[in-house]
Undergrad: 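First the structure, which I've put down as structure tokens, then a few questions once you've had a look.
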Amino acid sequence: MLDEDVVIRDFRNSNERFLILNVLLMIGLPALFFGGNSPFVIGLFCALGILAPINTFNYIYSWSPSLAAPISKYAMAILPFVAGIAITCLSWANPIFHSYEGASGLLFIMDTAPKSSPVMASDNLLSPLLDDFTVLAAVMCALSIYFITNSRFVIRKVLCFSSYMAVAFLVLGLAIGFVCSLGVVGEREPTSAFATFTDASDWASYATIWAGAAFAMAVYSEQRFRLLPIAYSARFHSLLAAFLLWGSALYSGKPLQCLISSAIGFFALAVLAVDIVPLKFNASRHEALRYISSHSRRLKKMVLPFAVYAILSVCAFILTLFYAQKILADTRLVYAAPDGSGSITYAEKMALFDDAKKMIGDHKLFGCGSSSFAAAFSFYQGSDIGSAAWPNAGSDLLQKLAENGVVGLILSSITFVGFLLVWIFRFSYSASGLVMMSTIAGILILAVFETPFESPAVLVSFWVLAMSAFRWDSSRIG
């Protein structure tokens with residue numbers, strides 16, 4: 001190996017090492033602690049998020065030939081989220097949720113009249129800020145990937161380590177569940193928990209993201225053609241992680257999640273099959289075949305892996321058709337599990353959507369304030385969904401509109417859309433990059449009907465994969 005290759009296949013500086021550590025901690029911490037919904041974990045999560053811009057600015061000052069351009073781009077990327085926090089602070093001056101002591105005890109009232117200015121319907125002033133800072137921390141962590149490194153070597157490390165870590169959480173969670181089922185430690189309550197998450201649906205979204213990342217890294221990695229080199233190859237390890245996470249997502253997910261996961265798996269496996277079709281053009285692209293002089297021997301070496309990937313992709317396609325046919329036969333499955341096992345029935349979810357839309361209609365521009373849904377929705381909640389408080393709107397899209405309005409939705413989308421447009425109009429797409437983007441598209445579709453982004457673990461995973469994909473095709477291959 002040349003000296004230049006040794007340099008290009010290592011980290012360029014300490015900022016890249018810290019980047020990987022910071023990303024892994026921010027992804028792993030909430031995933032390990034039940035999806036990251038406890039205040040203590042969210043506090044640690046936000047603290048780690050503060051380290052990301054510090055590392056980014058340190059890199060820019062140390063290594064960037066021009067300071068103004070990258071700093072201004074970084075500032076523009078986080079500005080919409082800072083504006084969201086500013087709106088939350090302004091809403092403190094306009095509370096619409098009040099409590100007073102009545103004859104029968106503590107009573108709550110809310111001014112439901114339509115408002116065109118930021119309002120606060122939360123009964124806790126710090127909770128809205130904590131929600132906004134959680135989103136900002138996830139975004140700043142992901143942005144450090146885009147601004148610090150331009151090496152696929154580093155991005156690949158981030159995605160591979162994160163996927164392997166997700167597999168470790170899967171094994172840990174299943175082991176704990178198995179031990180509890182034996183009664184050795186204690187009896188595990190029958191809940192919707194799966195792996196290390198308290199909500200199986202959240203785990204399915206988390207596993208889908210990292211299965212897609214692992215599939216993408218398998219597509220990027222070199223194909224080996226002998227048994228022992230295959231077992232030691234990065235492609236085999238990535239595929240093993242991908243299949244474990246993919247299987248767990250199909251097992252724990254709701255019908256729509258299973259459809260999206262199976263479609264992502266089919267696309268990735270189809271890309272792998274196309275990459276190894278026994279053709280002269282493909283043979284010349286695989287480094288392991290360049291040392292075989294006979295063209296016919298090269299093509300013979302490609303037959304077996306092509307057959308394996310083709311069979312797997314056909315199986316994934318059949319699985320996708322199965323879930324698609326199942327949902328088409330009963331479109332209610334898009335919104336809820338058939339037996340209500342996802343803790344909500346179809347009728348309840350439709351009623352929840354209808355009541356949430358009334359709430360959105362009264363506060364179109366700025367919503368009722370971050371972290372206000374549970375409190376504000378109780379004044380719109382119909383008798384058909386009971387009297388118990390609903391923690392969310394059952395849809396991330398409706399949740400964002402209810403809490404932050406059209407303005408909040410636009411602010412939370414500007415950065416992503418901006419990077420997406422840059423990626424599209426660069427007109428440079430790799431197979432592995434397309435697999436990552438298909439995963440991102442799948443999670444965004446899911447967010448219309450479910451609430452994957454309610455989990456900090458899913459939220460930061462989505463942003464990390466998105467920024468990795470946006471950076472991937474413009475990065476050097478080392």
Side-chain angles (χ1 to χ4, degrees), residues 152 156 159-160 163 204 207-225 230 233-251 253 255-289 298-328 423-424 427-446 465-466 468-469 472-473:
R152 289 189 183 181
R156 180 183 177 185
L159 299 182
C160 285
S163 301
T208 298
I209 290 173
W210 292 116
F215 273 127
M217 293 304 95
V219 170
Y220 176 70
S221 302
E222 180 65 27
Q223 175 67 50
R224 303 301 177 188
F225 297 92
I230 287 176
S233 68
R235 173 170 283 195
F236 177 77
H237 297 157
S238 295
L239 281 176
L240 182 60
F243 277 111
L244 288 171
L245 294 171
W246 190 46
S248 73
L250 295 175
Y251 178 81
L256 180 60
Q257 289 176 310
C258 293
L259 174 61
I260 291 172
S261 295
S262 57
I264 292 169
F266 160 66
F267 178 69
L269 290 167
V271 169
L272 283 167
V274 170
D275 179 65
I276 201 71
V277 173
L279 296 173
K280 183 177 181 180
F281 169 75
N282 273 342
S284 63
R285 294 193 300 109
H286 289 278
E287 185 178 351
L289 296 176
R298 290 182 189 176
L299 296 183
K300 287 179 182 178
K301 290 270 188 186
M302 299 171 70
V303 171
L304 182 58
F306 167 71
V308 171
Y309 294 139
I311 292 170
L312 289 173
S313 63
V314 169
C315 291
F317 180 67
I318 293 172
L319 193 62
T320 304
L321 289 180
F322 168 76
Y323 284 114
Q325 185 276 331
K326 191 176 180 181
I327 288 176
L328 288 173
W423 178 79
I424 291 172
F427 298 111
S428 175
Y429 315 119
S430 64
S432 46
L434 290 174
V435 173
M436 284 188 260
M437 291 305 299
S438 70
T439 305
I440 293 163
I443 297 299
L444 287 176
I445 292 171
L446 181 64
L465 183 61
S468 298
W472 183 259
D473 290 322

Undergrad: Heavy atoms, side chains only, cut-off 4.5 Å: are Ser163 and Met217 in contact?
TA: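 Answer no - side chains too far apart.
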Undergrad: For the residue pair Phe215 and Leu239, establish whether any side-chain heavy-atom pair is separated by less than 4.5 Å.
TA: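 Result yes, sub-4.5 Å side-chain heavy-atom pair found.
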Undergrad: Mind checking whether Trp472 and Tyr220 have parallel, tilted or perpendicular rings, split at 30° and 60°?
TA: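 The rings of Trp472 and Tyr220 stand perpendicular, inter-plane angle above 60°.
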Undergrad: Supply the atom-to-atom distance Cys258 SG to Tyr323 OH, rounded to the nearest 0.5 angstrom.
TA: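 So the gap between those two atoms works out to 4.0 Å.
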Undergrad: Partners of Phe267 by ring pair (Phe, Tyr, Trp, His ring centres under 6.0 Å), sequence neighbours excluded?
TA: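 Checked Phe267 against ring pair (Phe, Tyr, Trp, His ring centres under 6.0 Å); zero matches.
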Undergrad: Assess whether side chain to side chain contact (heavy atoms under 4.5 Å, CB included) is satisfied between Val314 and Ile318, documenting all intermediate values.
TA: CA-CA 6 Å; Val314 169; Ile318 293 172; 4.0 Å; yes
Undergrad: Do the side chains of Cys160 and His237 get nearer than 4.5 Å, heavy atoms only?
TA: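 The answer is no; the side chains never approach within 4.5 Å.
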Undergrad: Take Val271 and Leu434 through the test side chain to side chain contact (heavy atoms under 4.5 Å, CB included) and record every step on the way to the result.
TA: CA-CA 9 Å; Val271 169; Leu434 290 174; over 6 Å; no
Undergrad: State, to 0.1 Å, how close Arg235 and Glu222 come at their nearest heavy-atom pair, and which atoms those are.
TA: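 Shortest heavy-atom separation between Arg235 and Glu222 comes out as CB-O, 3.8 Å.
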Undergrad: Identify the two heavy atoms, one from Ala268 and one from Val435, that lie closest to each other, and give their separation to 0.1 Å.
TA: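 Heavy-atom minimum between the residues: CB-CG1, 4.0 Å.
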Undergrad: Quick one: does Ser261's side chain have a donor or acceptor within less than 3.5 Å of a partner on Trp246's backbone?
TA: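 Between the backbone of Trp246 and the side chain of Ser261 there is no qualifying donor-acceptor contact (under 3.5 Å).
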Undergrad: Looking at Tyr251, I'd like to know if its OH atom is crowded, meaning that more than 12 non-hydrogen atoms belonging to other residues, nucleotides or ligands lie closer than 6.0 Å.
TA: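 Not more than 12 within 6.0 Å, no.
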Undergrad: Which heavy atom in Lys301 sits nearest to a heavy atom in Phe225, and how many Å separate them?
TA: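 For Lys301 versus Phe225, the nearest heavy atoms are O-CD2, 3.3 Å.
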Undergrad: Should we say atom CZ of Phe243 is surrounded by more than 12 heavy atoms from elsewhere, each under 6.0 Å from it?
TA: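 Yes, CZ of Phe243 has more than 12 neighbouring heavy atoms, counting only those of other groups under 6.0 Å.
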Undergrad: For the CE atom of Met302 and the CG atom of Asp275, what is their distance to the nearest 0.5 Å?
TA: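 Result: 7.5 Å between the selected atoms.
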Undergrad: Let me confirm one number: the CG-CG distance from Leu269 to Leu312, rounded to the nearest 0.5 Å.
TA: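 Going from the CG atom of Leu269 to the CG atom of Leu312 covers 5.5 Å.
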Undergrad: Hey, are the side chains of Ile260 and Leu256 touching, using non-hydrogen atoms and a 4.5 Å cut-off?
TA: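 The answer is yes; the side chains approach within 4.5 Å.
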Undergrad: Work out which heavy atom in Ala213 is nearest to a heavy atom in Leu465; give both atom names and the distance.
TA: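 Smallest heavy-atom distance, with atoms named: CB-CD1, 3.9 Å.
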Undergrad: Say you draw a straight line from CD1 of Ile443 to CD1 of Ile209; how long is it, rounded to the nearest 0.5 Å?
TA: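 One finds 4.5 Å between CD1 of Ile443 and CD1 of Ile209.
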Undergrad: About how many Å separate CZ of Arg152 and CG of Leu159, when rounded to the nearest 0.5 Å?
TA: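 It comes to 12.0 Å.
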Undergrad: Between Ser248 and Leu245, is there a donor-acceptor pair closer than 3.5 Å when you use the side chain of the first and the backbone of the second?
TA: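 Side chain of Ser248 to backbone of Leu245: a pair is present.
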Undergrad: Taking Ala310's backbone N and O only, do any of them form a donor-acceptor pair with Ser313's side chain (distance below 3.5 Å, no angle check)?
TA: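 Indeed, once roles are kept as given, a pair shorter than 3.5 Å links the two residues.
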Undergrad: Quick one: list whatever passes side-chain hydrogen bond (donor to acceptor under 3.5 Å, both in side chains) with Asp473, sequence neighbours left out.
TA: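 Scan of Asp473 (side-chain hydrogen bond (donor to acceptor under 3.5 Å, both in side chains), adjacent residues dropped) gives Trp423, Ser430.
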Undergrad: What is the minimum heavy-atom distance between Thr320 and Ala263, and which atoms define it?
TA: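 Heavy atoms only, the tightest pair is OG1-N, 3.5 Å.
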Undergrad: Hey, are the side chains of Ile264 and Thr208 touching, using non-hydrogen atoms and a 4.5 Å cut-off?
TA: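 A side-chain contact exists here, since the closest heavy-atom pair is under 4.5 Å.
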Undergrad: Between Ala431 and Val219, what is the shortest heavy-atom contact and its length?
TA: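 Heavy atoms of Ala431 and Val219 come nearest at CB-CG1, 3.7 Å.
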